[in-house]
Amino acid sequence: QSQLVESGGDSVQPGGTLTLSCTGSGLTLEHYAVGWFRQVSGKERERVSCISGSPPTRYYGGFVNGRFTTSRDSAKNTVYLQMNDLKPEDTGVYYCAAEAYTYYCSGTHNAQWGQGTQVTVSS
């Protein structure tokens, strides 16, 4: 059985840094479009980032404004989301999702999802 496991969520102060990890088991992430999504209280689910292909293509949600970077370590079968200068409005549950046969991270029901990791940014 294949699965995705997120880790790295924590509680940090504004301006802090976190790196989230998405590790695949039973699927090779370099063959998937892997996205990070978040669920923030009071908002619709947002696409944070996407990485796909070789050489990889990356794109980010408009709110990121250069603060976040996604990367892939194929040897570890892991996709990362490095988050800098975190703000209270970044608080939420962060999910990774893998989609086959596409370069795009659509977040549809066809995606395989992890169970999420909580990020809390507060004083």
>> Hydrophobic clusters here meaning ILVMFWY residues chained together by side-chain heavy-atom distances under 4.5 Å, can you tell me if Ile51 and Tyr80 are in one?
In response: no
>> What's the separation between atom CG in Asp10 and atom OG1 in Thr17, rounded to the nearest 0.5 Å?
In response: 12.0 Å
>> Please determine whether residues Met83 and Val40 belong to a single hydrophobic cluster, defined as Ile, Leu, Val, Met, Phe, Trp and Tyr linked transitively by side-chain heavy-atom distances below 4.5 Å.
In response: no
> Got a second to check how far Asp85's CG is from Phe68's CZ, nearest 0.5 Å?
Replying inline: 9.0 Å
>> Donor-acceptor pair, distance only, cut-off 3.5 Å: does the side chain of Arg45 make one with the backbone of Gly107?
In response: yes
>> Pairing donors with acceptors under 3.5 angstrom, does anything connect the side chains of Thr78 and Thr23?
In response: yes
> Between Ala111 and Ala97, which heavy-atom pair has the shortest distance, and what is it?
Replying inline: CB-CB, 4.1 Å
>> Under the criterion side chain to side chain contact (heavy atoms under 4.5 Å, CB included), I'd like the reasoning laid out for Ser49 against Val64: C-alpha separation, chi angles, the key distance, then a yes or no.
In response: CA-CA 9 Å; Ser49 67; Val64 170; over 6 Å; no
>> Consider ring pair (Phe, Tyr, Trp, His ring centres under 6.0 Å). Of Tyr95, Trp113, Tyr94, which one does Phe37 pass it with?
In response: Trp113
> Can you check whether Gln115's main-chain N or O pairs, donor with acceptor, with Glu6's side chain at less than 3.5 Å?
Replying inline: yes
> Taking the side chain from Tyr60 and the backbone from Thr70, do they hold a donor-acceptor pair closer than 3.5 Å?
Replying inline: yes
>> Can a donor-acceptor pair be found, under 3.5 Å and without considering hydrogens, that links the side chain of Thr117 to the backbone of Gly9?
In response: yes
>> With clusters defined by side-chain heavy atoms of hydrophobic residues (ILVMFWY) lying less than 4.5 Å apart, directly or transitively, does Tyr59 cluster with Val34?
In response: no
> Closest approach of Ser71 and Gln82, non-hydrogen atoms and distance?
Replying inline: OG-NE2, 4.2 Å
> Val119 and Asp90: which non-hydrogen atoms are nearest, and at how many Å?
Replying inline: CG1-O, 4.3 Å
> Nearest heavy-atom pair of Ala98 and Leu27: which atoms, and what distance?
Replying inline: CB-CD1, 4.1 Å
> Taking a hydrophobic cluster as the set of Ile, Leu, Val, Met, Phe, Trp and Tyr residues connected by side-chain heavy atoms closer than 4.5 Å, whether directly or through intermediates, do Val48 and Val93 fall within one such cluster?
Replying inline: no
> Think Arg38 forms a cation-pi with Phe63, using NZ or CZ under 6.0 Å from the six-ring centre and within 45 degrees of its axis?
Replying inline: yes
> Once you round to the nearest 0.5 Å, how far does OG1 of Thr120 lie from CD of Gln13?
Replying inline: 13.0 Å
> Can you tell me how far the NZ atom of Lys76 sits from the CG atom of Leu29, to the nearest 0.5 Å?
Replying inline: 14.0 Å
> Do any N or O atoms from the side chain of Glu99 and from the backbone of Tyr103 form a donor-acceptor pair under 3.5 angstrom?
Replying inline: no
> In Å, rounded to the nearest 0.5 Å, how long is the span from NE2 of His31 to OG of Ser74?
Replying inline: 8.5 Å
> CZ/Arg47 to OG/Ser106 distance, rounded to the nearest 0.5 angstrom?
Replying inline: 8.0 Å
> Below 4.5 Å, heavy atoms only, C-beta onward: do Glu30 and Ser54 meet side chain to side chain?
Replying inline: no
>> Looking at every heavy atom in both Gln112 and Leu4, which two are closest together, and how far apart are they?
In response: O-CD1, 3.2 Å
